Novice: 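Pasting in a structure now, in structure tokens, and then I'll have a few things to ask.
Computed from a predicted model, the values in this text were never measured in an experiment.
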Amino acid sequence: MPFSERDWKHLRTVHGTALERFCTQVLDDAVAIAQDSRLSAHERYLKLFQLLHERNDAMAPAFDDMRRSTGLQRLTAMVGLNVLTREELAGFNPDHPCFQDL
């Protein structure tokens, strides 16, 4: 199914907010790791390194290479990351395959 112009415009509108939401989640997790006094400084460093590496890999499919031709893939990835609100999702065509399992 082609990604409609209407959906593309809405995706561009919610993209920045969703990215900010994702980054806030990552930073909150990073703070929790950094403040975990049960771990040594080296263990916290390693956990932070691993967290950032994993989250960067998760971030790319949702937020990199924003083009209309990749819009449906970006939207599907954002839905998978749970970074869009119900209100934001309501702005898209509900017949998209990424909404079938919601």
Side-chain angles (χ1 to χ4, degrees):
M1 167 185 298
F3 204 60
S4 72
E5 181 67 23
R6 178 181 164 272
D7 285 339
W8 170 237
K9 286 180 181 179
H10 185 59
L11 181 63
R12 288 191 339 229
T13 300
V14 300
H15 175 268
T17 302
L19 177 60
E20 188 70 14
R21 207 172 278 137
F22 178 82
C23 291
T24 298
Q25 291 170 358
V26 173
L27 291 172
D28 289 346
D29 291 344
V31 167
I33 291 170
Q35 294 177 343
D36 188 348
S37 60
R38 297 170 298 165
L39 301 174
S40 70
H42 185 243
E43 289 169 323
R44 286 180 283 165
Y45 172 86
L46 292 174
K47 285 187 84 152
L48 281 170
F49 182 83
Q50 180 180 8
L51 172 76
L52 292 177
H53 181 72
E54 289 171 357
R55 298 295 173 84
N56 193 59
D57 287 347
M59 175 195 241
F63 300 106
D64 291 355
D65 194 28
M66 281 290 292
R67 295 177 285 139
R68 184 173 173 186
S69 63
T70 61
L72 185 56
Q73 291 88 353
R74 300 302 152 251
L75 175 58
T76 302
M78 287 182 205
V79 168
L81 292 173
N82 197 32
V83 292
L84 296 172
T85 65
R86 288 197 178 275
E87 293 78 21
E88 290 163 343
L89 290 171
F92 292 102
N93 176 355
D95 295 329
H96 277 299
C98 64
F99 296 118
Q100 291 179 359
D101 294 329
L102 295 179

Novice: How would you list, by chain and number, every residue that makes a salt bridge (charged side-chain N to carboxylate O under 4.0 Å, His left out) with R44, sequence neighbours excluded?
Specialist: none

Novice: Considering only heavy atoms from C-beta outward, does the side chain of W8 approach that of L75 to under 4.5 Å?
Specialist: no

Novice: With sequence neighbours excluded, what pairs up with D65 under the side chain to side chain donor-acceptor pair (under 3.5 Å) test?
Specialist: R67

Novice: Answer with yes or no whether the hydrophobic clustering places L52 together with Y45; edges join I, L, V, M, F, W, Y residues whose side-chain heavy atoms lie under 4.5 Å apart.
Specialist: no

Novice: Hey, could you give me the OG/CZ distance between S4 and F92, rounded to the nearest 0.5 Å?
Specialist: 9.0 Å

Novice: State whether the number of non-hydrogen atoms from other residues, nucleotides or ligands found under 6.0 Å of D36 atom CG is greater than 12.
Specialist: yes

Novice: Salt bridge or not for E5 and R68, using N-O below 4.0 Å?
Specialist: yes

Novice: To the nearest 0.5 Å, tell me how far E87 CD sits from L84 CG.
Specialist: 11.0 Å

Novice: Before giving the answer on side-chain contact (heavy atoms from CB on, under 4.5 Å), spell out for E20 and V83 the whole-Å C-alpha distance, their side-chain angles and the decisive distance to 0.1 Å.
Specialist: CA-CA 9 Å; E20 188 70 14; V83 292; over 6 Å; no

Novice: First locate atom CG of L19, then atom CE of M66, and finally report the distance between them rounded to the nearest 0.5 Å.
Specialist: 10.0 Å

Novice: Is the closest basic N to carboxylate O distance between R74 and D64 below 4.0 Å?
Specialist: no

Novice: If you apply the rule side-chain contact (heavy atoms from CB on, under 4.5 Å), what do you find for R21 with E88, and how did you get there?
Specialist: CA-CA 13 Å; R21 207 172 278 137; E88 290 163 343; 2.9 Å; yes

Novice: From M59 CE over to F22 CZ, what is the distance, rounded to the nearest 0.5 angstrom?
Specialist: 5.5 Å

Novice: Mind checking the CG-CG spacing from N93 to D7? Nearest 0.5 Å is all I need.
Specialist: 5.5 Å

Novice: Could you walk me through whether F49 and L46 pass the side-chain contact (heavy atoms from CB on, under 4.5 Å) check?
Specialist: CA-CA 5 Å; F49 182 83; L46 292 174; 5.5 Å; no

Novice: Side chain of T17, backbone of T13: donor and acceptor closer than 3.5 Å?
Specialist: no

Novice: So, the side chain of T70 versus the backbone of Q73: is there a donor-acceptor pair under 3.5 Å, distance only?
Specialist: no

Novice: Once you round to the nearest 0.5 Å, how far does CD of E54 lie from CG of D29?
Specialist: 11.0 Å

Novice: Please report the C-alpha distance between H10 and R6 in whole Å, then the side-chain angles of each, then the deciding distance to 0.1 Å, and finally whether the side-chain contact (heavy atoms from CB on, under 4.5 Å) criterion is met.
Specialist: CA-CA 6 Å; H10 185 59; R6 178 181 164 272; 5.9 Å; no

Novice: In terms of hydrophobic clustering (I, L, V, M, F, W, Y; side-chain heavy atoms under 4.5 Å; direct or indirect links), are L27 and I33 co-clustered?
Specialist: no

Novice: Can you sort out the partners of R86 under salt bridge (charged side-chain N to carboxylate O under 4.0 Å, His left out), two or more places apart, ordered by chain and number?
Specialist: none

Novice: So which atom in L81 and which in A58 form the shortest heavy-atom distance, rounded to 0.1 Å?
Specialist: CD1-O, 3.8 Å

